[in-house]
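Order of listing sets the numbers, starting from 1, for every ligand and every atom in it.
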Amino acid sequence: MEIQVWDGALGAEEVGPPEGPAVVLVHGFPFDRRMWEGQLRGLSDAYRMVSYDVRGMGRSPVGDGQYTMELLVDDFFAVVDALELEEERVIACGLSMGGYILLRALERDPGRFRGVVLADTRSSADDDEGKLGRASAIRMLGEEGSAAYGETVVPRLLGSTTLAEKPEVVETAKVMVRSNDPRGLRGAQLAMLSRTDTTASLPGLRLPVLVLVGEEDALTPPETARAMAARIPGADLEIVPRAGHVSALESPAEFNRHLRAFVDRVEASAEGGAS
Ligand code: MLT
C-alpha cells in the first residue's frame, strides 16, 4: 500500500478488520515501519492496524533530504486522511521520533485524534549537547554510511536485557538501519534537530493519553516519561520491563498488552458517550 503525499508516495501497510478502530503507528529513528511487526501481528485480530514509513526511511522516498518536523507532521495527516475514517479521527501510537511527530500534530490539530500513545519519547526540544550529537551523526552518516552508523547507534538504543539475551532483535534493528539510505537518515536528524518544544501544550491536552516507556530506556528514561505524563491531564504511565528505548520491538507482548488495553478503553468510552 502507498500513501500519496505532495512529492511522492509513502510506503505503508494495513492489516486487520477495516471496520475495527484504526490505530496508526509512527516508528522511531533510524528504523522503518517493520519496527511494528509485533504490533501488526499481535493486534490485527481486533483493530485496523496501519504503519507507514516516515519520509526518507523504509520504502518512502528520500527526496531532497531536507526535512522539517512540520513536513513529517504533514505526512502523518496525509496518512490519516487516506484512511477515510468516519469522523476523520484516529488512535495513534508513536515511538520516540514518532512521538515527536504526534506531539507536534496534537498542537496543530488535536481534533484529529481519539487517543494517543506516546512511547519512549519526550516533549522537550534538543539542548545544545543534543544538537551537537546530531551534527556528529549527520557527518558520520555522510562519511561512513548507514551500516557503520547502525553498529554504533543500535547498542545505545536497545536495553541491556535485549543486548544480552535477544541477538535476533539486535540483528533486526541493525538490518533496518543498514537498509535505510543515509541521506534519508540525515534528513530525519535535521528535522529532529530543528523541532520545537511541545511541553507547554501538554496541560491543554483533552484526550486519552498513554505514556509508555522501557524500564531500561537510556535516551528517554522512565523519569522523563513520568514527568511528561504528569503534565498531561488524566494520562496513564506504564513501564515496559526489561526493555530499552525501542520497547515495542524489544518486548512486543508486554507493549501490546498496554496498547490493547488503551484502545479498548478509548472504544468503551466512545460507546458509553454514544449511548
Ligand atoms: C528515536 O528512537 O526515534 C530516536 O532515538 C529519537 C532521537 O534521536 O531523538
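A salt bridge does not link E216 to R242: none of the charged side-chain nitrogens sits closer than 4.0 Å to a carboxylate oxygen.
Protein residues lining ligand 1, listed by chain and number: G28, F29, S96, M97, Y100, R134, L157, M192, L219, H245 [non-hydrogen atoms, distance under 4.0 Å].
Open room surrounds CZ on R231; 12 or fewer heavy atoms of other groups in view lie less than 6.0 Å from it.
Cation-pi geometry between R33 and Y52 is not satisfied (NZ or CZ under 6.0 Å from the ring centre, within 45° of the ring normal).
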Next item on the list: Test salt bridge (charged side-chain N to carboxylate O under 4.0 Å, His left out) on D181 and R186 and set out the steps.
Entry: CA-CA 9 Å; D181 188 318; R186 297 172 96 194; over 6 Å; no
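Ring-centre distance between F113 and F76: below the 6.0 Å cut-off.
Applying the ring pair (Phe, Tyr, Trp, His ring centres under 6.0 Å) criterion to Y149, with sequence neighbours excluded, gives no partner residue.
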